[in-house]
**Q** 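One structure is given below, represented as structure tokens, and several questions about it will come after.
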Amino acid sequence: PWLWQRSTCTVRDRSARFRMAELLIMRHAKSSCASPGLPDHDRPLNDRGRGDAPRVGQLLAAEDLLPDAVLCSTACRTMQTWELLSVAAGCDVNPRYEEAIYLASAGDLLEQLQSLPPGCERGMIIGHNPGLETLVGMLTGRPVTLPTAALVLVEIRGPWDAIASGRFVRQWKPKEL
């Protein structure tokens, strides 16, 4: 039989311990259309995005899903998403802003996740498509569509530095909140 604890499960028949962690994968909230002369990297959130990000934060607080560590793209829209989300959630985690997450491939995103601290029980990454959708599919074998401000919860077995797969747990889309 399985004995479940907060982030650890134990198999009694062999006394083997497997660390279970959770990963929150979020696409940034809705951004404004490109303005003439404004690089894509610098696009801010629009009104809808500024409303959706706090709702996701409230969801994280209500579901007791606050992250221990956050990786975030350096794009304006992802940083604004985190700022609004974290205030609404009451989460005081200092994110690690990584330029390498901006428009990264799934493989590059996986490398970033492998750098999460060993003691992290719940990590979060905020980035961009198509890399995030591909990452979810690569980890879980389940194809997903991530509209802006969508959030996916994946259960990870093993240490962050060896992350290779996970189990899809749930997805939230802003229109459902």
Side-chain angles (χ1 to χ4, degrees), residues 2-10 18-31 45-73 77-98 101 106 109-110 112-129 131-160 163 165-177:
W2 292 89
L3 172 65
W4 288 96
Q5 298 171 353
R6 173 155 161 67
S7 293
T8 307
C9 78
T10 303
F18 297 99
R19 182 177 175 278
M20 302 298 274
E22 293 176 323
L23 173 60
L24 296 162
I25 299 171
M26 183 178 180
R27 182 176 176 200
H28 62 80
K30 186 74 173 168
S31 61
L45 295 179
N46 67 11
D47 289 341
R48 188 173 102 198
R50 286 190 298 275
D52 286 346
R55 289 198 344 244
V56 174
Q58 292 165 352
L59 168 82
L60 292 178
E63 297 285 331
D64 194 25
L65 289 174
L66 298 181
D68 302 320
V70 176
L71 297 171
C72 185
S73 164
R77 58 193 178 271
T78 54
M79 293 191 301
Q80 288 180 331
T81 297
W82 169 249
E83 290 166 10
L84 293 168
L85 177 156
S86 64
V87 168
C91 183
D92 61 359
V93 170
N94 289 320
R96 192 172 85 210
Y97 294 109
E98 292 288 343
I101 296 173
L109 293 171
L110 187 60
Q112 291 293 320
L113 292 170
Q114 290 170 340
S115 72
L116 285 170
C120 175
E121 293 182 6
R122 184 176 301 118
M124 182 175 196
I125 189 165
I126 303 173
H128 312 268
N129 273 342
L132 290 178
E133 288 178 344
T134 306
L135 176 67
V136 173
M138 185 171 76
L139 289 174
T140 68
R142 181 177 179 152
V144 296
T145 301
L146 292 177
T148 53
L151 178 70
V152 171
L153 176 61
V154 176
E155 187 178 78
I156 303 296
R157 177 177 279 177
W160 290 108
I163 184 175
S165 65
R167 183 181 68 84
F168 180 91
V169 176
R170 180 140 187 224
Q171 179 176 9
W172 296 268
K173 295 180 181 177
K175 290 184 179 180
E176 300 167 354
L177 302 178

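Since the structure is predicted, the reported quantities are computational estimates derived from the model, not experimental observations.
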**Q** Tell me, please, which residues at least two apart from Val93 pass side chain to side chain contact (heavy atoms under 4.5 Å, CB included).
**A**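 Residues passing side chain to side chain contact (heavy atoms under 4.5 Å, CB included) with Val93: Val70, Trp82, Cys91.
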**Q** Walk me through whether Leu139 and Ile163 qualify under side chain to side chain contact (heavy atoms under 4.5 Å, CB included).
**A** CA-CA 9 Å; Leu139 289 174; Ile163 184 175; 4.1 Å; yes
**Q** Quick check: closest heavy atoms across Ala69 and Cys120, and the distance to 0.1 Å?
**A**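 Shortest heavy-atom separation between Ala69 and Cys120 comes out as CB-SG, 3.8 Å.
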**Q** Listed by chain and number, what are the salt bridge (Lys or Arg N to Asp or Glu O under 4.0 Å) partners of Arg27, not counting sequence neighbours?
**A**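 Listed in chain order: nothing, the list is empty.
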**Q** Could you tell me which non-hydrogen atom of Ala106 sits nearest to which non-hydrogen atom of Thr134, and how far apart they are?
**A**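 Looks like CB-CG2, 3.6 Å.
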**Q** Could you name each residue pair satisfying side chain to side chain donor-acceptor pair (under 3.5 Å) that touches residues 85-95, not counting sequence neighbours?
**A**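 Sorted pair list comes back empty.
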**Q** Roughly how far apart are Thr140 OG1 and Leu153 CG, rounded to 0.5 Å?
**A** 11.5 Å
**Q** Which heavy-atom pair separates Pro54 from Ala88 by the least distance, and what is that distance?
**A** O-CB, 3.3 Å
**Q** Side chain to side chain donor-acceptor pair (under 3.5 Å) with Ser31: which residues, sequence neighbours excluded?
**A** Arg43
**Q** Output every pair passing side chain to side chain donor-acceptor pair (under 3.5 Å) with a member in residues 46-59, not counting sequence neighbours, ordered by first then second residue.
**A** Asp47-Arg50, Arg48-Thr148, Asp52-Arg55
**Q** Would you call Val154 and Glu22 a side-chain contact if the rule is heavy atoms closer than 4.5 Å?
**A**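 Answer no - side chains too far apart.
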**Q** Just jot down the side chain to side chain contact (heavy atoms under 4.5 Å, CB included) partners of Ala53, sequence neighbours excluded, or say none.
**A**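 Counting only residues at least two positions away or on another chain, Ala53 forms a side chain to side chain contact (heavy atoms under 4.5 Å, CB included) with Ala29, Thr81, Leu84.
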**Q** Would you say Met124 and Leu23 make side-chain contact, with heavy atoms under 4.5 Å?
**A**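 They are not in contact (no side-chain heavy atoms under 4.5 Å apart), so the answer is no.
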**Q** Is a donor on one side and an acceptor on the other found under 3.5 Å between the side chain of Asn129 and the backbone of Leu146?
**A**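 Yes: the side chain of Asn129 pairs with the backbone of Leu146.
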**Q** Is any side-chain heavy atom of Leu24 less than 4.5 Å from a side-chain heavy atom of Val152?
**A** no
**Q** With a 3.5 Å cut-off and sequence neighbours excluded, list the donor-acceptor pairs that the side chains of residues 166-177 form with protein atoms.
**A**
unit_1 : atom_1 : unit_2 : atom_2 : d
Arg167 : NE     : Glu155 : OE1    : 3.3
Gln171 : NE2    : Thr145 : O      : 2.8
Glu176 : OE1    : Lys173 : N      : 3.4

**Q** Within this structure, what is the CG-OG1 distance for the pair Leu85 and Thr78, rounded to the nearest 0.5 Å?
**A**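 Going from the CG atom of Leu85 to the OG1 atom of Thr78 covers 12.0 Å.
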**Q** Would Leu60 and Leu151 count as a side chain to side chain contact (heavy atoms under 4.5 Å, CB included) if you check the C-alpha gap in whole Å, the side-chain angles of each, and the deciding distance to 0.1 Å?
**A** CA-CA 10 Å; Leu60 292 178; Leu151 178 70; 3.6 Å; yes
**Q** Within the distance-only criterion (no hydrogens, no angle test), does the side chain of Arg122 pair as donor or acceptor with the backbone N or O of Leu66 below 3.5 angstrom?
**A**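 Yes.
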**Q** Under the criterion side chain to side chain contact (heavy atoms under 4.5 Å, CB included), I'd like the reasoning laid out for Val56 against Met26: C-alpha separation, chi angles, the key distance, then a yes or no.
**A** CA-CA 10 Å; Val56 174; Met26 183 178 180; 3.9 Å; yes
**Q** Could I get the full list of side chain to side chain contact (heavy atoms under 4.5 Å, CB included) partners for Arg96, not counting sequence neighbours?
**A**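 With neighbours one apart ignored, the set is Leu71, Glu98, Gln112, Ser115.
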**Q** Using the side chain to side chain contact (heavy atoms under 4.5 Å, CB included) rule, take His128 and His28 through it: C-alpha gap first, then chi angles, then the decisive distance, then the call.
**A** CA-CA 7 Å; His128 312 268; His28 62 80; 3.4 Å; yes
**Q** Residues two or more places apart in sequence or in another chain: which of them pass salt bridge (Lys or Arg N to Asp or Glu O under 4.0 Å) with Glu133?
**A** none
**Q** Spell out, as yes or no, whether a donor-acceptor pair under 3.5 Å connects the side chain of Ser73 to the backbone of Gly127.
**A** no
**Q** What's the shortest heavy-atom distance between Trp160 and Ala21, and which atoms?
**A**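 For Trp160 versus Ala21, the nearest heavy atoms are CZ2-CB, 3.7 Å.
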